[in-house]
Number of protein chains: 2
Amino acid sequence: MGATKTQKYTEIQNELAGVAKALGHPARVAILQLLASKQSCICGDIVDELPLSQSTVSQHLKELKNVGLIKGNIDGPSVCYCIDLEAWNQAKAKLATLFDSYKDPSCC
Amino acid sequence: MGATKTQKYTEIQNELAGVAKALGHPARVAILQLLASKQSCICGDIVDELPLSQSTVSQHLKELKNVGLIKGNIDGPSVCYCIDLEAWNQAKAKLATLFDSYKDPSCC
DNA sequence: ATGCTTAATCGTAAAAATACGATTTAAGTT
DNA sequence: AACTTAAATCGTATTTTTACGATTAAGCAT
């Protein structure tokens, strides 16, 4: 029960791919850059910053939320999004592990 | 002439998303892990290691090659794939820059 | 309660990704 | 030259992603 969907790949492979996929669209990269740079976390201003419709941005936000990289706090009529530090650091660590696993070019 | 396709996003955003997208599938993560770990770079053995057909693996390899992360050297009848150190380090740096740009949670 | 603003969801269309078998191309062998 | 092996490409089906407008829901004003 509750198997992780794909048993073809290791958990690490699926997790890494999941995070990477979330970063795999320039709009989502832009959103994360925005959230990372702003002192206060922004809300629907994200929509104004992106060349996309409100519903599309909302969809991208949802995807980022699904992988845990961001979270949203309801703030009056609007919603305040921000980076989830823990997930952020975990994603960072996973990617770093992959990238650090290649040392020197022993061939080619 | 030769504009970079999407002017909606910055070059960095597109590049980052491009690399991330390449990492956004467990099969490609598995391939990179393999290439990173093996002393000698492997060839079609990749096919044997993955739960996918030869043609599908070839497609994944092509994608990784397209973003530059790997390159293939013809070695007799087979092809020897390996990680491209320079592109690898650039990708690593780009991702690190993004992940390091978020310091501390000033809100939420 | 009514209206206004903000954001999520729905429905849907179009494009891209994924996967496979079959075929082709290339490099060695015999 | 004919054969074998390895890998790329082709054609195609299926699924997923991306994007939008329209609608709904939620929160705050008046």
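Residue numbers begin at 1 in each chain, while the letters A, B, ... track the order of the sequences.
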Atom pairs, N/O to N/O, protein against nucleotides 13-19 of chain D, distance under 3.5 Å?
residue, atom, partner, partner atom, Å
D/dT17, OP1, A/Lys21, NZ, 3.1
D/dT18, OP2, A/Arg28, NH1, 3.1
D/dT18, OP2, A/Arg28, NH2, 3.4
D/dT18, OP2, A/Glu63, OE2, 3.3
D/dA19, OP2, A/His25, NE2, 3.2
D/dA19, OP2, A/His60, NE2, 2.7
D/dA19, N7, A/Gln59, OE1, 3.4
D/dA19, N7, A/Gln59, NE2, 3.3

Expected output: side-chain B/Asp84 to main-chain B/Ala87 donor-acceptor under 3.5 Å: yes
Quick one: list whatever passes side chain to side chain contact (heavy atoms under 4.5 Å, CB included) with B/Ser53, sequence neighbours left out. B/Ser55, B/Thr56
Salt bridge or not between A/Lys38 and A/Asp45? Use side-chain N to carboxylate O under 4.0 Å. no
Can you find a pair of side-chain heavy atoms, one from A/Leu16 and one from B/Leu23, that are under 4.5 Å apart? no
Under the rule for side chain to side chain contact (heavy atoms under 4.5 Å, CB included), what residues qualify as partners of B/Lys65, not counting sequence neighbours? B/Ile70, B/Tyr81
Inspect the surroundings of CG in B/Leu85 and state if more than 12 heavy atoms from other residues, nucleotides or ligands are less than 6.0 Å away. yes
For B/His60 and B/His25, take the angle between the two ring planes, folded into 0 to 90°, and tell me which bin it lands in: parallel under 30, tilted 30 to 60, perpendicular over 60. tilted
Every protein N/O lying under 3.5 Å from an N/O of nucleotides 3-8 of chain D:
residue, atom, partner, partner atom, Å
D/dA7, OP1, B/Gly44, N, 2.9
D/dA7, OP1, B/Val79, N, 3.2
D/dA8, OP1, B/Tyr81, OH, 2.3
D/dA8, OP2, B/Ser58, OG, 2.9
D/dA8, N7, B/Gln54, NE2, 2.7
D/dA8, N6, B/Gln54, OE1, 2.9

Length of the CG-C1' vector between A/Asp75 and D/dG27, whole Å: 11 Å
With no hydrogens and no angle check, is any side-chain donor or acceptor of A/Gln13 less than 3.5 Å from a backbone partner on A/Thr10? yes
Relative to the ring of A/Trp88, is the ring of B/Phe99 parallel (under 30°), tilted (30 to 60°) or perpendicular (over 60°)? tilted
Using side chain to side chain contact (heavy atoms under 4.5 Å, CB included) as the criterion, list what pairs up with B/Gln54, not counting sequence neighbours. B/Val47, B/Ser58
First and last nt of DNA chain C near chain A, cut-off under 4.0 Å to heavy atoms, 5' to 3', are C/dT6 to C/dT9
